[in-house]
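Here the structure is a predicted model, which is why all the values come from computation and not from measurement.
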Amino acid sequence: MNEIRQRLPRTREKRRGALTAYYGDSAALADELEKEEPRQRIRTYSETDDDEVTFAIRLLGRIRGSVTIIHSPPGCGAIKLEDELKAGGSPWLITNIEENDSILGADDKLREAVDLAYRTWRPEIIFILATPVVAINNDDIQSAATEKEDLYNIPVVPVYAAGFRSRTAVYGYDLVFHALAKYVLKGEPGAPPIPVVNLIGAAGTRTGNIITDLNGAGISYNNVSGSFSISALQRSLGASASIAIDKDDARFLLEWLEEAHSVVHLEEIAPIGLAGTERWLLAAAGAGGSTGQARAYIEEEKAAAEQALKRLRLDGVSVIVDLPPEQAFGIAEFVEELGGVVAALSLTHADSSHAPRLREWASRSNPQVYIQPGQPFEKINALGKLKPALYIGKGEAAVWAARAGITAAAVDSVDLYGFRGVQELAPLLAKALRNPSLSRYLSAGGSSYRAGWLSKSANWHIKQEVK
């Protein structure tokens, strides 16, 4: 992977033609993503959403033994970013760049922050996260990092998140994995391979259920998911294969391990639903050499789950699934397993790696596909026109759906993965359908948008870029 020598990885738009705005059906989107250069679109009206800085902070906070220095004015560490920092669990501090610093530079403040971080926490590794202001004033972060790395004899790693290079927030994960690959993770010549499968998941991935399944199936794994250590990342270089819980989040790491260290990446979809979990476990077991035990375990768990699902069917219920791509595809398949009808998929983004899944859906029911990261106006408008019986998404957007009068199920607090995930998700959906009173109550308060706005098409603000 030649770009590992570069200061930054290429954006998802350049590597895979990622789109962050689209309205159409599954077949048309698959056609477009299979082209070499999909048509990029821009919003003339856009509401606030996560960006690459948010996602970089989300991942850095979950690397155990680390301290993150956010090199920015106080505003860049406020509100939503602070939530991400607290959720991660690892310590952090901010350099508090002021007006003069943004013009004259804040290298001295950065060096003082590294000293403070080392004296206070004695970390294994220090990350310096650049932010939009630093991308403009061009502070020499690399020199400060090299100087302090020599002084304290621990890695001091710059992560250059500017907040505006990519429209795909998941690019923040790419920036962190690129920095780790470039500055920290080194292969040992002649080291024997380790007979384990890397379990890879990025920030916020719940791992409890799938680890239960891996243990039950007798599959040896190296855990690089949830909250993970640098030593686990280092061991991943010698594993026999890698399998991701959500390969979209971890795509840079998966591809780098395969190209630079010959660790095969198992291209399996997320282990959600009965069929999805079975395929995922069999793929992991095949790489780990324990197929016999895995098959016996799967049959036992499937039988128990199918028995539990008999009273939780969604027969004929029309559903819109609004989640990041891997979760959306997995839950949509599970909706069909329960007898529901997928009316639409609402995604945060889509790129060429999703074309096979979209093509598969095109051959089944060809649902509508909306790409609308954040964007409450577009969501409410589309829901009002589509009128599904059930909305499945994350909490913040589920509130918007409920206010639009649509029965909503928020999946944030559910561990979606594995056979136990099946038995957590299905009751959640059934309970939402049995209790529509919340959406009736919320919708009685009226819409947040005027009728004139909602009379427009949901993609009224989306235009194609002019080259």
For a quick test of your reading: what N or O donor-acceptor pairs under 3.5 Å do the side chains of residues 399-414 make, sequence neighbours left out?
{"residue": "Arg403", "atom": "NH1", "partner": "Ser448", "partner atom": "OG", "Å": "3.4"}
{"residue": "Arg403", "atom": "NH2", "partner": "Ser448", "partner atom": "OG", "Å": "3.4"}
{"residue": "Asp412", "atom": "OD1", "partner": "Gly395", "partner atom": "N", "Å": "2.6"}
{"residue": "Asp412", "atom": "OD2", "partner": "Gly395", "partner atom": "N", "Å": "3.1"}

- Message: With salt bridge (charged side-chain N to carboxylate O under 4.0 Å, His left out) as the criterion, how do Asp50 and Arg58 come out once you've worked through the C-alpha distance, each side chain's angles and the decisive distance to 0.1 Å?
- Response: CA-CA 11 Å; Asp50 294 335; Arg58 188 176 295 172; 3.5 Å; yes
- Do we see a donor-acceptor contact under 3.5 Å between the side chains of Glu424 and Asn209? yes
- Message: Between Glu258 and Ser262, do the side chains contain a donor N or O and an acceptor N or O under 3.5 Å apart?
- Response: no
- Take atom CG in Asp150; do more than 12 heavy atoms of anything else shown fall under 6.0 Å from it? yes
Results of side chain to side chain contact (heavy atoms under 4.5 Å, CB included) for [X] - residues two or more places apart only:
| X | value |
| --- | --- |
| Glu326 | Asp246, Lys247, Asp248, Ile269, Ala270 |
| Ala21 | Arg41, Arg43, Ile462 |
| Glu98 | Asp101, Lys109 |
| Glu149 | Pro155, Val156 |

- Message: Evaluate Lys385 against Gln368 for side-chain contact (heavy atoms from CB on, under 4.5 Å), listing each step before the verdict.
- Response: CA-CA 12 Å; Lys385 292 176 171 60; Gln368 287 293 297; over 6 Å; no
So, using ring pair (Phe, Tyr, Trp, His ring centres under 6.0 Å) as the criterion, who are the partners of [X] when residues are at least two apart?
| X | answer |
| --- | --- |
| Tyr152 | Tyr118 |
| Phe164 | none |
| Tyr45 | Trp453, His461 |
| Tyr183 | none |

Under the 3.5 angstrom rule, does the side chain of [X] hit a backbone N or O of [Y] as a donor-acceptor pair?
| X | Y | result |
| --- | --- | --- |
| Asn222 | Ala232 | yes |
| Glu268 | Ile243 | no |
| Gln40 | Ala18 | yes |
| Thr20 | His349 | no |
| Glu32 | Arg39 | yes |
| Ser26 | Leu358 | yes |

- Message: The test is salt bridge (charged side-chain N to carboxylate O under 4.0 Å, His left out); show your working for Glu3 and Lys182 and say whether it passes.
- Response: CA-CA 10 Å; Glu3 67 188 83; Lys182 181 177 176 68; over 6 Å; no
- Anything under 30° is parallel, anything over 60° is perpendicular, the rest tilted; go ahead and classify His178 against Phe252. perpendicular
- Worked verdict on Val319 versus Val342 for side-chain contact (heavy atoms from CB on, under 4.5 Å): CA-CA 5 Å; Val319 179; Val342 179; 5.5 Å; no
- Dump the intermediate steps for salt bridge (charged side-chain N to carboxylate O under 4.0 Å, His left out) on Arg279 and Glu333, then the final yes or no. CA-CA 13 Å; Arg279 288 194 301 263; Glu333 186 173 272; 2.9 Å; yes
- Query: By side-chain hydrogen bond (donor to acceptor under 3.5 Å, both in side chains), which residues pair with Tyr391, not counting sequence neighbours?
  - Reply: Asp322
- side-chain hydrogen bond (donor to acceptor under 3.5 Å, both in side chains) filter on Arg7, not counting sequence neighbours, yields none
- Atom pair CZ (Phe228) and OG1 (Thr207), whose distance is rounded to the nearest 0.5 Å: 11.5 Å
- Query: How many angstroms lie between atom CD1 of Ile200 and atom CD1 of Ile245, to the nearest 0.5 angstrom?
  - Reply: 9.5 Å
- May I ask you to test the Ile69-Leu129 pair for a side-chain heavy-atom distance under 4.5 Å? no
- Residues that Glu34 engages under salt bridge (Lys or Arg N to Asp or Glu O under 4.0 Å), provided they are two or more places apart: Arg359
- Query: Does the pair Arg251 and His265 meet the rule for a side-chain contact (heavy atoms from CB on, under 4.5 Å), with working shown?
  - Reply: CA-CA 10 Å; Arg251 184 158 293 284; His265 165 210; 4.2 Å; yes
- With side-chain contact (heavy atoms from CB on, under 4.5 Å) as the test, would you mind laying out the steps for Ile97 and Val134 before giving the verdict? CA-CA 9 Å; Ile97 292 177; Val134 179; 3.9 Å; yes
- Would you please test Asp115 and Lys148 for salt bridge (charged side-chain N to carboxylate O under 4.0 Å, His left out) and show each step? CA-CA 8 Å; Asp115 293 337; Lys148 297 303 179 183; 3.0 Å; yes
- Query: Closest approach of Ser353 and Pro356, non-hydrogen atoms and distance?
  - Reply: O-CD, 3.5 Å
- Note on the structure: For Ala287 and Ala241, the nearest pair of non-hydrogen atoms, with its separation, is CB-CB, 3.8 Å
